[in-house]
K.L.:
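I have a structure I would like to understand better, so I am pasting it below and will then ask my questions one at a time.
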Amino acid sequence: RYYQEIAINNILNAVAEEKNRILLTMATGTGKTAVAFQVAWKLFQTRWNLKRDGARRPRILFLADRNILADQAFNAFSAFDKDAMVRINPLDIHKKGGVPMSGSIYFTIFQTFMSGPNGTPYFGDYPADFFDFIIIDECHRGGANDESNWRGILEYFSPAVQLGLTATPKRQDNVDTYKYFGEPVYIYSLKEGVNDGFLTPFKVKRIQTTLDDYVYTSDDQIIEGEVELGKVYEEPDFNRIIVIKEREAKRVRVLLDEINQNEKTIIFCATQDHALAIRDLVNQMKDSKDPNYCQRVTANDGARGEQFLREFQDNEKTIPTILTTSQKLSTGVDARNIRNIVLMRPVNSMIEFKQIIGRGTRLFDGKEYFTIYDFVDAYHHFLDKDWDGEPVDETTEKPEGPTRVKEPKEKYHVELEPEEVIEPKKKLKIKLRDGKEREIKHMISTSFWSADGKPVSVQEFMDNMFGALPE
């Protein structure tokens, strides 16, 4: 694709100009990993290294923040000789008694590098100049944030040329990424991707019910917890503070009536417990007889969840058809045939909203568009001026100060794969009075949106997909 060639050339030019920090901004689904592979391949084949003497091939590190992303990259780099590729993980380090140093292309996650015996991070076992080139995937997620422990890794390996990959234009909440890497050498936006035909357009179905908020009345039963009399429980409270199973059941019933139940779908839920409840409700109401039709994939599901995700990503397989999740699947999951994105929790960040929408934008044969089912009024993010804005810095600069490089043997806080914050144990559980659930009404309004976040007519949407029809 033309824009990938431009991105590759601009990155290689920056390397030739001896720039040490390089940033690439490309919309989700436009092939950042493919670009990273091409750059790595060219540097490897030309025997480029930090000394620029051609005496040896470079040692290249691909850093991600989730195992699924590191595994996807490892597979995308499969043209390299198997002996050259190393997947760094704690079990292998423990078995072999040290970090691997014999390969050329290394893949790992930040959490592995930050873990180690007695609180000492594994990355400190490498010489600071061991890697010639480091690729940081989804670098806006904290890798370049001053307050993040991940910054210690990047600063420790400061001699290396570092390439940050992000799908996110500059905003207040990721200015540190741009401050660390500098301005992008190339930008390819979601709007350009859709308009060029490399990303799938979308429509939005906004679903409202008469139980989108709730005030306790004495005919309802308190199963657990304490109710606040007179309090209006609103969307952000549900499934974190208060649980009403009949409300979730109504939403699932409406959803299953609306979608083609054979189409691959991801449902974003408020918490891991909520994702489990929605999974069970879908499996109770589904038309399919397969017990694995809907599965939950969250941080708590471990290897079993990863297996369900791999099967979901396989376009030859139809089961599981629906995945429920909370945070885990919001980034980097390359499943091309997703037809429906369902929002059953508020999305407070524009960065996360764009990432979630990006789960559906990838092209697949016969996929003309995808549908967002919005139960939580998240569609208003499209109206934000920053929906697909250029990375103009409207942020306030922090005062410059000396940067402290963290020592490699310092104790680091080891984080698990990102998931939602720990919730209070005692939730308020309400059972609606008999018959009340049958009184819940719903309304669906369909809207069509252009790639730059502007509402458009059905005709404009069709014209954008297929071109203007003859009179």
K.L.:
Only counting residues at least two apart or in another chain, list the ones meeting salt bridge (Lys or Arg N to Asp or Glu O under 4.0 Å) with Lys205.
P.N.:
Glu258
K.L.:
Compare all side-chain heavy atoms of Ile93 with those of Ile88 and state whether any distance is below 4.5 angstrom.
P.N.:
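Yes, at least one pair of side-chain atoms sits under 4.5 Å.
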K.L.:
Main chain of Ala378, side chain of Asp374: is a donor-acceptor contact present, judged purely on distance under 3.5 Å?
P.N.:
yes
K.L.:
Rounded to the nearest 0.5 Å, what separation is found between the CE atom of Met26 and the OG1 atom of Thr166?
P.N.:
11.5 Å
K.L.:
Between Thr200 and Phe370, which heavy-atom pair has the shortest distance, and what is it?
P.N.:
O-CE2, 3.6 Å
K.L.:
Closest approach of Ile105 and Phe44, non-hydrogen atoms and distance?
P.N.:
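Minimum heavy-atom separation between Ile105 and Phe44: CD1-CD1, 4.2 Å.
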K.L.:
So Val39 and Phe133, side chain to side chain contact (heavy atoms under 4.5 Å, CB included) or not? Walk me through it.
P.N.:
CA-CA 10 Å; Val39 169; Phe133 194 78; 3.9 Å; yes
K.L.:
Can you name the residues that form a side chain to side chain contact (heavy atoms under 4.5 Å, CB included) with Asn340, not counting sequence neighbours?
P.N.:
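With sequence neighbours excluded, Asn340 shows a side chain to side chain contact (heavy atoms under 4.5 Å, CB included) to Ile259, Glu263, Thr265, Thr371, Tyr373, given in chain and number order.
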K.L.:
Determine whether the side chains of Arg1 and Gln4 contain a donor N or O and an acceptor N or O closer than 3.5 Å.
P.N.:
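The answer is no; no qualifying pair exists.
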K.L.:
Considering only residues two or more places apart or on different chains, which pairs with a residue in residues 51-64 satisfy side chain to side chain donor-acceptor pair (under 3.5 Å)?
P.N.:
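Listed by first then second residue: Asn49-Asp53, Arg56-Asp132.
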K.L.:
Kindly write out the residues that satisfy side chain to side chain donor-acceptor pair (under 3.5 Å) with Thr112, not counting sequence neighbours, or none if the list is empty.
P.N.:
none
K.L.:
Can you name the residues that form a side chain to side chain donor-acceptor pair (under 3.5 Å) with Asp129, not counting sequence neighbours?
P.N.:
none
K.L.:
Can you check whether Tyr293 reaches Pro320 side chain to side chain, under 4.5 Å on heavy atoms?
P.N.:
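No, too far: nothing below the 4.5 Å cut-off.
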K.L.:
Can a side-chain donor-acceptor contact be found between Tyr186 and Asn9 if the only test is distance below 3.5 angstrom?
P.N.:
no
K.L.:
Compute the ring centroids of Phe77 and Phe107, then answer whether they are less than 6.0 Å apart.
P.N.:
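Centroid separation for Phe77 and Phe107: below 6.0 Å.
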K.L.:
Under the side chain to side chain contact (heavy atoms under 4.5 Å, CB included) criterion, do Tyr2 and Phe198 qualify, and how do the steps go?
P.N.:
CA-CA 11 Å; Tyr2 79 91; Phe198 295 124; 4.0 Å; yes
K.L.:
Check whether any side-chain heavy atom of Val35 sits under 4.5 Å from a side-chain heavy atom of Thr33, and report yes or no.
P.N.:
no
K.L.:
Output all residues satisfying side chain to side chain donor-acceptor pair (under 3.5 Å) with Glu235, sequence neighbours left out; order by chain, then residue number.
P.N.:
Arg247, Arg251
K.L.:
Carefully, step by step, assess Arg310 and Gln307 under the rule side-chain hydrogen bond (donor to acceptor under 3.5 Å, both in side chains).
P.N.:
CA-CA 5 Å; Arg310 281 191 291 274; Gln307 181 59 35; 3.0 Å; yes
K.L.:
What is the distance from atom CG of Asn20 to atom CD1 of Ile134, rounded to the nearest 0.5 Å?
P.N.:
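Result: 11.0 Å between the selected atoms.
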K.L.:
What residues form a salt bridge (Lys or Arg N to Asp or Glu O under 4.0 Å) with Arg336, not counting sequence neighbours?
P.N.:
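Once residues adjacent in sequence are excluded, the partners of Arg336 under the salt bridge (Lys or Arg N to Asp or Glu O under 4.0 Å) criterion are Asp334.
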K.L.:
Given side chains that start at C-beta, do those of Thr321 and Asn262 come closer than 4.5 Å, heavy atoms only?
P.N.:
no
K.L.:
Hey, do the aromatic rings of Tyr369 and Phe202 have their centres closer than 6.0 Å?
P.N.:
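Tyr369 vs Phe202: aromatic centres not under 6.0 Å.
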K.L.:
If you measure from CD1 on Ile356 to CG on Leu343, what distance do you get to the nearest 0.5 Å?
P.N.:
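The CD1 atom of Ile356 sits 6.0 Å away from the CG atom of Leu343.
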K.L.:
Going by the salt bridge (charged side-chain N to carboxylate O under 4.0 Å, His left out) test, which pairs reach into residues 82-92, not counting sequence neighbours?
P.N.:
Asp71-Arg87
K.L.:
Could you measure the distance from the CZ atom of Phe238 to the CZ atom of Arg240? Nearest 0.5 Å is fine.
P.N.:
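Rounded to the nearest 0.5 Å, the CZ-CZ separation comes to 13.5 Å.
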K.L.:
Are the side chain of Arg47 and the backbone of Gly54 linked by a donor-acceptor contact shorter than 3.5 Å?
P.N.:
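Yes, the answer is positive, given that a donor and an acceptor are paired below the 3.5 Å cut-off.
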K.L.:
For Glu316, enumerate each residue passing the salt bridge (Lys or Arg N to Asp or Glu O under 4.0 Å) test, keeping only those at least two apart in sequence or located in another chain.
P.N.:
none
K.L.:
Checking Ser158 against Glu155 for the side-chain hydrogen bond (donor to acceptor under 3.5 Å, both in side chains) test, could you report, in this order, the C-alpha distance in whole Å, the side-chain angles of both residues, the deciding distance, and whether it holds?
P.N.:
CA-CA 5 Å; Ser158 61; Glu155 289 181 339; over 6 Å; no
K.L.:
Taking all atoms of both residues into account, what is the closest heavy-atom pair of Val185 and Asn10, and its distance?
P.N.:
O-ND2, 3.0 Å
K.L.:
Does any non-hydrogen side-chain atom of Leu24 lie less than 4.5 Å from one of Tyr188?
P.N.:
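Answer no - side chains too far apart.
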K.L.:
I'd like to know if the side chain of Tyr180 reaches the main chain of Arg21, judged simply by a donor and an acceptor atom lying under 3.5 Å from each other, with no hydrogens or angles considered.
P.N.:
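Answer holds: no.
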K.L.:
With sequence neighbours excluded, tell me which residues meet side chain to side chain donor-acceptor pair (under 3.5 Å) with Arg296.
P.N.:
Asp301
K.L.:
Suppose we call two aromatic rings close when their centres sit under 6.0 Å apart. Are Tyr126 and Tyr156 close by that rule?
P.N.:
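No, the ring centres sit 6.0 Å or more apart.
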K.L.:
Salt bridge (Lys or Arg N to Asp or Glu O under 4.0 Å) with Arg206: which residues, sequence neighbours excluded?
P.N.:
Asp377
K.L.:
Quick one: pull up OG1 in Thr298 and CG in Asp273 and give me the separation to the nearest 0.5 Å.
P.N.:
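If we round to the nearest 0.5 Å, Thr298:OG1 and Asp273:CG are 9.0 Å apart.
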K.L.:
Would you kindly say whether Glu311 and Asn292 are connected by a side-chain donor-acceptor distance under 3.5 Å?
P.N.:
no
K.L.:
For the backbone of Thr25 and the side chain of Lys32, can you confirm whether one donor and one acceptor N or O come within less than 3.5 Å of each other?
P.N.:
no
K.L.:
Can you check whether Val161's main-chain N or O pairs, donor with acceptor, with Lys19's side chain at less than 3.5 Å?
P.N.:
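Not a single qualifying donor-acceptor pair exists.
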K.L.:
So which pairs with a foot in residues 12-35 pass ring-ring contact (aromatic ring centres under 6.0 Å, His included), sequence neighbours left out?
P.N.:
none
K.L.:
Does a donor on one side chain sit under 3.5 Å from an acceptor on the other, for Asp196 and Tyr3?
P.N.:
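Absent: no donor and acceptor within the cut-off.
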K.L.:
Rounded to the nearest 0.5 Å, what separates atom CD in Gln295 from atom CD1 in Ile319?
P.N.:
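One gets 9.5 Å once the value is rounded to the nearest 0.5 Å.
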K.L.:
Hey, would you say the Phe131 and Tyr106 ring centroids sit under 6.0 Å apart?
P.N.:
yes
K.L.:
Mark yes or no for whether Lys264, through its side chain, and Phe312, through its backbone, hold a donor-acceptor pair below 3.5 Å.
P.N.:
yes
K.L.:
So which atom in Gly305 and which in Val297 form the shortest heavy-atom distance, rounded to 0.1 Å?
P.N.:
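Shortest heavy-atom contact: O-CG2, 3.6 Å.
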K.L.:
Looking only at heavy atoms, which two atoms of Pro127 and Met101 are closest? And how far apart?
P.N.:
CD-CE, 4.1 Å
K.L.:
Side chain of Gln162, backbone of Leu154: donor and acceptor closer than 3.5 Å?
P.N.:
yes
